[in-house]
Asks: 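My questions all concern the structure below.
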Amino acid sequence: MQFAMLGSGVVPGVPSLDELRALKPLQQPEWPAGDALEQVIGELRTLPPLVFAGECDDLRDKIGAVARGEAFLLQGGDCAETFAGVTAENIRAKLRVLLQMSVVLQYAASVPVVKVGRIAGQYAKPRSSGSETRDGVTLPAYRGDAVNGLEFTEASRIPDPQRLRGVYNAAAATLNLTRAFTTGGYADLHQVHAWNTDFVRSSPVGQRYEQLAGEIERALAFMRACGATSDEFRTVDFYASHEALILEYEHALTRIDSRTEQPYDVSAHMLWVGERTRQLDGAHVEFLATLSNPLGVKVGPTTEPDYIRALIDKLNPKGEEGRLTFITRMGAGKIREGLPPLLEAVRDHGSPVAWVCDPMHGNTYETPNGYKTRNFDDVITEVEGFFDAHEQIGTWPGGLHIELTGDDVTECLGGGEDLVAEDLVNRYETACDPRLNRHQSLELAFLVAERLRAARA
């Protein structure tokens, strides 16, 4: 597979950066004046792809099965990746919890699980305010390691175009190790017990996982005794995704695939546009509409049926299966009212769309001791509302999109560990929004598996 190297920045069929900038894209950094940004963009245009078009097509086919009600999509990872987090242990821990969750979902609900990470590119974050004030000092907001530093100093918060080169390097290292893990034996289904060796088996969710792992092991032993073996048990297909926020980076990594002569953003297999940047006439939607990658759109409680139909017409005018996924982020108290009209609108429109629940972003609040957090009960309530809405309309609840970590952090309240606000001081490590820890993630997987089994029935 080959890609055209587009050092000139002209990508056939894709708006130029100048054309996108003329649309006044939102949530973009205020880069310093000078030639540094254009130099970095020019360098990125010449670098090899991080993913391949054929892999993007494979993911699109799998999401097509999700849209048809034949598979379930599990998408998860950090709220905001950091350069410091590109370590073997950190990558392995995130992959491990996603593998464990997918095993729970796939075995308990008897449904194929499409595994997609918020990984190898989630280095930029939209912010509700462009500035942050602490103790009377106001500085630019932290917009992710792609833009500036988390440290609250004037030097750290200045947007630095050189960081875009750092994003590429960090993403390349992350994808390289992820591919090694998923094809080199770590993701072997015979390792279901090994994924749990350093987990707290004495916890209820750990014990429940061990029981399920034992059942899987016995099933595999039975198949071996029958002479049935398959390489599909030894490797997994794992895909990378992130929010396509910084247009200079995404545009610089857009290539023309020599097989199809179509443009692909080779920074990730799947890209999504956020709640703050999904304007129909905005630069982000205009850019994504020209790509051949699978696309996602975050959908909040203010979304109207007419608007969502217009988004379909803009982003998937040919009605391709697997092309478009709507990721709902309604909030626990709004999903039962807000989601059904959208499901009806899309169903009546007739275009194949996959529906995925993000139960995290609509349930964030700040505790009295100053920590941004989410309550696990709210997460569960929104997931239940997502399944209830699909049951009501007769559509398929296609997936789950969550911010998680493989570490035992204390960032979200509740769950089997019954974390309270006072516990947040112990291991609050996120660079931006609070994530589910490993216990909470696995607990959520078991709860979702029960609803998924019922939906399948």
Side-chain angles (χ1 to χ4, degrees), residues 59-60 62-76 114 116 118 126 239 241-245 268-280 282 284-285 288-289 291 293-332 334-363 382-383 385-403 448 452 455:
L59 177 57
R60 187 175 63 237
K62 288 181 170 63
I63 296 177
V66 173
R68 295 192 302 271
E70 300 170 1
F72 189 81
L73 188 147
L74 175 63
Q75 188 173 13
V114 183
V116 180
R118 288 174 58 107
Y239 302 94
S241 69
H242 63 260
E243 180 178 356
L245 187 61
H269 301 105
M270 177 184 183
L271 301 159
W272 77 82
V273 61
E275 177 84 346
R276 295 183 177 96
T277 53
R278 58 170 174 77
Q279 296 78 19
L280 278 172
H284 290 83
V285 170
L288 290 183
L291 303 178
N293 304 64
L295 304 176
V297 181
K298 289 289 187 83
V299 175
T302 61
T303 309
E304 297 290 338
D306 286 345
Y307 185 81
I308 208 165
R309 283 190 288 261
L311 273 173
I312 296 173
D313 293 339
K314 178 77 173 182
L315 293 174
N316 193 22
K318 297 179 181 179
E320 301 174 55
E321 284 191 342
R323 162 72 171 175
L324 185 58
T325 298
F326 285 131
I327 307 167
T328 64
R329 41 157 295 171
M330 299 281 180
K334 298 178 180 178
I335 188 163
R336 284 179 169 81
E337 179 181 352
L339 183 54
L342 303 184
L343 298 179
E344 289 180 326
V346 173
R347 180 198 62 193
D348 296 344
H349 183 281
S351 184
V353 169
W355 288 97
V356 171
C357 176
D358 171 1
M360 308 292 289
H361 284 89
N363 296 305
E382 180 152 359
V383 171
F386 177 76
F387 275 88
D388 289 345
H390 281 280
E391 183 177 331
Q392 173 187 336
I393 304 303
T395 47
W396 175 245
L400 186 66
H401 180 121
I402 51 176
E403 293 177 338
V448 170
L452 199 55

Asks: How many angstroms lie between atom OG1 of Thr395 and atom CG of Leu343, to the nearest 0.5 angstrom?
Replies: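 It is 4.0 Å, given to the nearest 0.5 Å.
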Asks: Distance from Leu271 atom CG to Asn293 atom CG, nearest 0.5 Å?
Replies: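 Leu271 atom CG to Asn293 atom CG measures 5.0 Å (nearest 0.5 Å).
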Asks: Could you tell me which residues satisfy side-chain contact (heavy atoms from CB on, under 4.5 Å) with Pro126, sequence neighbours excluded, listed by chain and number?
Replies: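 Result, side-chain contact (heavy atoms from CB on, under 4.5 Å) vs Pro126: Gln27, Glu243, Leu245, Arg276.
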Asks: Does the pair Ile327 and His361 meet the rule for a side chain to side chain contact (heavy atoms under 4.5 Å, CB included), with working shown?
Replies: CA-CA 11 Å; Ile327 307 167; His361 284 89; over 6 Å; no
Asks: Can you name the closest pair of heavy atoms from Ala354 and Ile63 and give their distance?
Replies: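 Closest heavy-atom pair between Ala354 and Ile63: CB-CG2, 3.9 Å.
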Asks: Return yes if some donor-acceptor pair links the side-chain N/O of Trp396 with the main-chain N/O of Glu70 below 3.5 Å, else return no.
Replies: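 No; zero donor-acceptor contacts below 3.5 Å.
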Asks: Let me confirm one number: the NZ-CZ distance from Lys62 to Arg60, rounded to the nearest 0.5 Å.
Replies: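 Here the rounded value is 12.0 Å.
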Asks: At what distance, to the nearest 0.5 angstrom, does CH2 of Trp355 lie from OG1 of Thr325?
Replies: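 Reported value, rounded in 0.5 Å steps: 10.5 Å.
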Asks: I need the Ser351 OG to Leu315 CG distance, nearest 0.5 Å.
Replies: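 Nearest 0.5 Å value for the OG-CG distance: 10.0 Å.
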Asks: Kindly compute the distance separating CE (Met330) from CZ (Arg336), expressed to the nearest 0.5 Å.
Replies: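 Met330 atom CE to Arg336 atom CZ measures 13.0 Å (nearest 0.5 Å).
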Asks: Kindly state each residue pair satisfying salt bridge (charged side-chain N to carboxylate O under 4.0 Å, His left out) with at least one member in residues 303-315, sequence neighbours excluded.
Replies: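 The answer is Glu286-Lys314, Asp306-Arg309.
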Asks: List the atom of Val448, the atom of Phe387, and the distance in Å for their closest heavy-atom pair.
Replies: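 Closest pair (atom of Val448, atom of Phe387, distance): CG1-CZ, 4.0 Å.
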Asks: Under the side chain to side chain contact (heavy atoms under 4.5 Å, CB included) rule, what do Leu288 and Val285 come out as? Steps first, then yes or no, please.
Replies: CA-CA 5 Å; Leu288 290 183; Val285 170; 5.9 Å; no
Asks: Which pairs count as salt bridge (charged side-chain N to carboxylate O under 4.0 Å, His left out) when at least one residue sits in residues 337-362, sequence neighbours excluded?
Replies: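 Applying salt bridge (charged side-chain N to carboxylate O under 4.0 Å, His left out) to every pair that reaches into residues 337-362, excluding sequence neighbours, yields Lys298-Asp358.
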Asks: How would you list all residue pairs meeting salt bridge (charged side-chain N to carboxylate O under 4.0 Å, His left out) that involve residues 319-329, not counting sequence neighbours?
Replies: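 Sorted pair list: Arg68-Glu321.
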Asks: Provide the closest heavy-atom pair for Leu342 versus Pro305 in the form atom of the first, atom of the second, distance.
Replies: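 Shortest heavy-atom contact: CD2-N, 3.7 Å.
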Asks: Taking all atoms of both residues into account, what is the closest heavy-atom pair of Gly300 and Glu275, and its distance?
Replies: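 Heavy atoms of Gly300 and Glu275 come nearest at N-OE1, 2.9 Å.
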Asks: Tell me every residue that passes side-chain hydrogen bond (donor to acceptor under 3.5 Å, both in side chains) with Thr277, counting only those two or more places apart in sequence or in another chain.
Replies: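 Applying side-chain hydrogen bond (donor to acceptor under 3.5 Å, both in side chains) to Thr277 gives none.
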Asks: What is the minimum heavy-atom distance between Ser241 and Gln75, and which atoms define it?
Replies: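 So the two residues come closest at OG-NE2, 2.9 Å.
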Asks: Per the salt bridge (charged side-chain N to carboxylate O under 4.0 Å, His left out) rule, what does the pair list look like for residues 393-402, sequence neighbours excluded?
Replies: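 Listed once each, the pairs would be none.
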Asks: Looking at every heavy atom in both Leu280 and Tyr307, which two are closest together, and how far apart are they?
Replies: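 That would be N-OH, 3.5 Å.
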